[in-house]
Amino acid sequence: MYDHGDRQVELAKGLIAAYTVIAKILTRLPLPIEIPAAMGPEWTGEQAAKALISADDLIRDIPMDERSKGLIIQMILDWLAAHHFGTFDSMLPALWKLDIVEYSLARITGMAELVEEALNTDEE
């Protein structure tokens with residue numbers, strides 16, 4: 001039986017995991033960007049969103065491979081979309097909102113693999 005609340009909880013965990021992945025990638029850039037690495041009881045999604053928006057502003061000026069830069073920017077945008085629709089869903093639950101969160105998180109995972117591969121190649 002489908003439980004909307006259980007899915008919300010799982011996707012919230014996915015949002016935290018995706019944030020952590022993005023934070024780690026940002027530290028590996030030619031000019032590293034540091035954002036708070038962990039979200040917990042004192043760290044809210046809104047604060048994470050603000051940190052990623054600031055990182056988005058910074059990454060655009062980093063001299064690096066444009067493909068990787070574009071993927072990282074898209075990861076940030078997908079995270080922000082997932083956060084937005086997850087928050088919106090908690091106010092007015094709807095299956096389609098959680099679908100958007102899930103698809104955004106899946107895209108982040110795929111893009112992270114591509115960026116990690118490119119960063120590993122650059123380090124060699």
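Because the structure is a prediction, the values reported are computed rather than measured.
Ala51 and Tyr19 make their closest contact through CB-OH, 3.9 Å (heavy atoms, listed as atom of the first residue, atom of the second, distance). For the pair Leu98 and Leu11, the tightest heavy-atom approach, listed with the atom from each and the gap, is O-CD1, 3.5 Å. Taking both residues in full, the closest heavy atoms of Ser68 and Val115 are given as O-CG2, 4.1 Å, listed atom of the first, atom of the second, then distance. For Leu119 against Arg28, the heavy-atom pair with the smallest separation is CB-NH2, 3.6 Å.
For the side-chain contact (heavy atoms from CB on, under 4.5 Å) test, residues two or more places apart in sequence or in another chain that qualify with Ile33 are Leu26, Leu29, Ile35, Ala55, Leu58, Ile59, Ile62. Annotation: side-chain hydrogen bond (donor to acceptor under 3.5 Å, both in side chains) contacts of Asp89 (sequence neighbours excluded): His4, Gln8.
Annotation: side chain of Glu46 is in contact with side chain of His83 (closest heavy-atom distance under 4.5 Å).
Summarising the geometry, atom CG belonging to Leu114 is positioned 9.5 Å from atom CE belonging to Met75; distances are rounded to the nearest 0.5 Å. Between Trp79 atom CH2 and Ile16 atom CD1 the span is 9.0 Å, to the nearest 0.5 Å. The line from CD of Glu116 to CD1 of Ile25 is 4.5 Å long, rounded to the nearest 0.5 Å. Rounded to the nearest 0.5 angstrom, Thr87 OG1 and Leu15 CG are separated by 8.0 Å. To the nearest 0.5 Å, the span separating CG on Leu105 from CD1 on Ile100 amounts to 12.0 Å. To the nearest 0.5 Å, the span separating CD1 on Ile72 from CD1 on Ile108 amounts to 12.5 Å.
There is a path of hydrophobic side-chain contacts, each under 4.5 Å, that joins Leu71 to Ile53. Using a 4.5 Å cut-off between side-chain heavy atoms of Ile, Leu, Val, Met, Phe, Trp and Tyr, with links allowed through other members, Tyr103 and Leu95 fall into different hydrophobic clusters. Leu80 and Met91 fall within the same hydrophobic cluster, defined by Ile, Leu, Val, Met, Phe, Trp and Tyr side-chain heavy atoms under 4.5 Å apart, directly or through other members.
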* Asked: So Lys13 and Glu10, salt bridge (Lys or Arg N to Asp or Glu O under 4.0 Å) or not? Walk me through it.
  -> CA-CA 5 Å; Lys13 290 177 186 175; Glu10 287 306 309; 3.6 Å; yes
* How far apart are the C-alpha atoms of Arg7 and Asp99, what are their side-chain angles, what is the distance that settles it, and do they pass the side chain to side chain contact (heavy atoms under 4.5 Å, CB included) test? -> CA-CA 10 Å; Arg7 189 167 178 216; Asp99 287 345; 2.8 Å; yes
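Glu66 and Lys69 are joined by a salt bridge, as a carboxylate oxygen and a charged side-chain nitrogen come within less than 4.0 angstrom of each other. Here Arg60 pairs with Asp56 in a salt bridge; the nearest charged N to carboxylate O distance falls below 4.0 Å.
Here the side chain of Glu113 pairs no donor or acceptor atom with the backbone of Gly110 at under 3.5 angstrom.
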